[in-house]
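Okay, so here's the structure we're looking at.
Counting begins at 1 with the first residue of the sequence.
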Amino acid sequence: PRSAAMSCCSHCGKEGVALKCSRCKQASYCGAECQKSAWPVHKKTCEKPLPPNAGVAAGAPLPLSEVFERVKAADLASDWRGVLKYQGR
């Protein structure tokens, strides 16, 4: 499913596109042709996003912002088990 958020093509500038780079999720394209044409330049900066816990040592307390994100995600999914497992329950 495509995102409802629209932006402009990173290659040609066309507005109202919703296709994102599958790797970095930052660059937007109006189609495969623009994505392919842009790849030689885009690949120099294209990186997979870091996981939410990147740089946090195992067993270390989570940053408060991460706790809020997990609570929000669990609330949206109506699955409080996801929150409780991080409290050691």
| said: Ala38: which residues meet the side chain to side chain contact (heavy atoms under 4.5 Å, CB included) condition with it, sequence neighbours left out? | reply: His11, Tyr29

At their closest point, which heavy atom of [X] faces which heavy atom of [Y], and how far apart are they?
| X | Y | answer |
| --- | --- | --- |
| Glu47 | Cys24 | O-CB, 3.2 Å |
| Val17 | Cys9 | CG2-N, 3.4 Å |
| Lys25 | Lys20 | O-CD, 3.6 Å |
| Cys8 | Gly13 | CB-O, 3.6 Å |
| His42 | Cys21 | NE2-SG, 3.5 Å |

| query | Just how far is it from atom OG of Ser28 to atom CD of Gln35, taken to the nearest 0.5 Å? | reply | 10.0 Å

